[in-house]
Asker: 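Can you read through this structure? Questions will come right after.
By convention in this document, chain letters (A, B, ...) are assigned in the order of the sequence lines, proteins followed by strands, and residues within each chain are numbered from 1.
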Number of protein chains: 2
Amino acid sequence: MQRTTGNRPARSDRRADILDAAIDSFGTRGYYGTSLQKIATAVGLTKAGVLHYVASKEGLLELVLNDIYDSQTSHVTQSILQLDRPLISRYWRATVAVNAERPQLVHMFSTLSAEALDPHHPAHDYFEQREQATVSIALSTPWSAPAGVDCERLLRAGFSMMDGIQLRWLRTPGKDLNAMWADCEDVLFPLPLWDGYR
Amino acid sequence: MQRTTGNRPARSDRRADILDAAIDSFGTRGYYGTSLQKIATAVGLTKAGVLHYVASKEGLLELVLNDIYDSQTSHVTQSILQLDRPLISRYWRATVAVNAERPQLVHMFSTLSAEALDPHHPAHDYFEQREQATVSIALSTPWSAPAGVDCERLLRAGFSMMDGIQLRWLRTPGKDLNAMWADCEDVLFPLPLWDGYR
DNA sequence: GTCTATAGTCCGATAGAC
DNA sequence: GTCTATCGGACTATAGAC
């Protein structure tokens with residue numbers, strides 16, 4: 001019911017097409033390497049046509065980042081965090097499982113988060129805040145873990161490992177991210193100690 | 001003795017200046033976002049002047065990557081690998097210690113390795129081969145480790161973690177990479193088990 | 001070894017017709 | 001909502017003077 005109103009014939013959703021093309025281009029060429037012309041060509045418009053939807057190149061970037069954050073990141077992980085007995089391993093496994101189904105999105109985030117290390121990058125603040133939010137949520141969760149485990153160290157180490165393993169996954173198209181992460185779990189949660197906690 | 005021959009007065013080494021400027025620009029803007037014009041301005045030349053040294057933009061990229069690989073990566077790690085009783089933790093600690101002194105280089109490698117996920121990127125093959133070489137060398141080393149440890153899993157997981165921790169280090173200028181890695185070591189080599197092996 | 005000049009292409013963005 | 005046309009500028013690279 002939220003499709004085009006009135007009696008207009010079914011046609012592609014331009015806005016969604018533009019966002020998809022932008023995700024692709026930001027991932028493969030980065031923000032600076034992306035041109036509105038290429039995106040326009042990809043969706044069958046002219047530059048002016050694209051600018052009608054996104055106002056500017058920075059506007060396109062913000063649109064992509066905000067849309068993604070709102071629709072994807074939150075609700076899957078939140079459901080894990082609110083369990084009676086939240087497990088770090090389950091939390092990460094769920095995150096990885098979601099990412100395994102969205103390689104293009106992971107690709108874009110990997111490329112942009114490296115490019116945005118520079119403080120002048122238009123997405124620099126976004127990635128800084130995102131990292132901070134992710135860590136503070138994880139640190140304030142009452143994890144169920146074996147006695148003596150330093151959860152903060154483990155969380156920071158594990159998030160780092162996830163970034164690296166996703167890069168390797170994207171570099172070798174054939175591999176299964178979930179399987180790669182399963183191997184990582186054996187390192188992060190060694191089994192005599194973590195028996196019953198994963 | 002390998003400075004400028006003859007009686008020419010001491011002056012800046014143009015080639016080295018160009019490489020330094022290129023490392024900076026490839027790191028902050030990526031390959032596609034880098035222009036020869038900016039590099040030329042940074043070193044006090046014109047575009048044509050820079051092209052005299054590097055032939056082309058791709059030539060500049062190859063120059064930077066090859067120079068780095070030859071001069072930095074090899075000899076520090078090799079000395080560790082050839083010890084009587086090679087320890088994974090010592091190998092990684094040495095690598096991290098070198099990187100901690102070269103943030104701009106780490107920055108460039110982080111940015112380019114994400115950008116080069118795309119098979120069409122001019123550095124794609126370089127990073128693929130580099131990864132393969134690093135892993136195969138590590139896997140063929142007779143590591144000294146506690147019984148029952150799966151070294152291959154540990155190595156792949158640890159290399160991934162190093163990538164991620166270096167990204168976080170670059171994002172927060174104040175932090176000490178060696179200290180951050182020390183925390184990671186506690187996760188990778190948990191202490192009852194790895195006592196005497198790190 | 002470094003310059004000027006220029007070719008040829010592409011960029012982001014705007015104005016305005018339909 | 002999408003177009004054409006256009007602006008001002010940046011880009012890589014080459015040719016040739018000095």
Asker: Does Arg29(B) count as lying over the ring of Tyr32(A), i.e. NZ or CZ under 6.0 Å from the six-ring centre, within 45 degrees of the axis?
Answerer: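 Verdict for Tyr32(A): a cation-pi partner in Arg29(B).
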Asker: Please report, rounded to the nearest Å, how far the C1' atom of dG1(C) is from the CG atom of Asp17(B).
Answerer: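 Interatomic distance, CG of Asp17(B) to C1' of dG1(C): 15 Å.
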Asker: Under 3.5 Å, which protein N or O atoms sit close to an N or O of nucleotides 6-10 of chain D? Give each pair with its distance.
Answerer:
none

Asker: How long is the line joining CG of Leu61(A) and C1' of dG12(C), in whole Å?
Answerer: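 That distance rounds to 15 Å.
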Asker: OP1 or OP2 of dT2(D) less than 4.0 angstrom from a side-chain nitrogen or oxygen of Thr46(A), does that happen here?
Answerer: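 The answer is no; no side-chain N or O of Thr46(A) sits under 4.0 Å from OP1 or OP2.
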Asker: Does this structure show an ion pair linking Glu185(A) with Arg93(A), if we count only N-O contacts that are shorter than 4.0 Å?
Answerer: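 Looking at Arg93(A) together with Glu185(A), the answer is yes, because their closest N to O distance falls below 4.0 Å.
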Asker: Measure from the side-chain heavy atoms of Leu36(B) and tell me the nearest of dT4(C), dG1(D), dA13(D).
Answerer: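 For the Leu36(B) side chain, the nearest candidate turns out to be dA13(D).
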Asker: Leu51(B) has a side chain; which of dT2(C), dC3(D), dT14(D) sits nearest to it?
Answerer: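 The listed nucleotide nearest to Leu51(B)'s side chain is dT14(D).
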Asker: Between dC11(C) atom C1' and Leu60(A) atom CG, what is the distance in whole Å?
Answerer: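 Roughly 15 Å, once rounded to whole Å.
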Asker: Test salt bridge (charged side-chain N to carboxylate O under 4.0 Å, His left out) on Asp150(B) and Arg156(B); report intermediate values, then the result.
Answerer: CA-CA 10 Å; Asp150(B) 184 335; Arg156(B) 293 187 188 276; over 6 Å; no
Asker: Could you check if a side-chain atom of Thr28(B) sits within less than 4.5 angstrom of a side-chain atom of Gln104(B), using non-hydrogen atoms only?
Answerer: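 No, their side chains stay 4.5 Å or more apart.
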Asker: Please state how far atom CD in Glu58(A) lies from atom P in dC11(C), giving the value in whole angstrom units.
Answerer: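 Nearest whole value for this atom pair: 18 Å.
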Asker: Is there a path of hydrophobic side-chain contacts, each under 4.5 Å between heavy atoms of I/L/V/M/F/W/Y residues, joining Leu105(A) to Val43(A)?
Answerer: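 Yes, it is one cluster - the side chains of Val43(A) and Leu105(A) are joined through contacts under 4.5 Å.
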Asker: Taking the side chain of Lys57(A) as its heavy atoms from C-beta onward, which of dG12(C), dC3(C), dA13(D) lies nearest to it?
Answerer: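 The answer is dG12(C), which lies nearest to the side chain.
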Asker: Counting side-chain heavy atoms from C-beta on, which of dG1(D), dT4(C), dT2(C) comes nearest to Tyr53(A)?
Answerer: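 The answer is dG1(D).
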Asker: Is any side-chain heavy atom of Tyr197(A) less than 4.5 Å from a side-chain heavy atom of Ser144(A)?
Answerer: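 Of all side-chain heavy-atom pairs linking Ser144(A) with Tyr197(A), at least one is under 4.5 Å.
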Asker: Would you mind telling me which of dA15(D), dT4(D), dT2(D) lies closest to the side-chain atoms of His52(A)?
Answerer: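 Selected nucleotide (nearest to the side chain): dT2(D).
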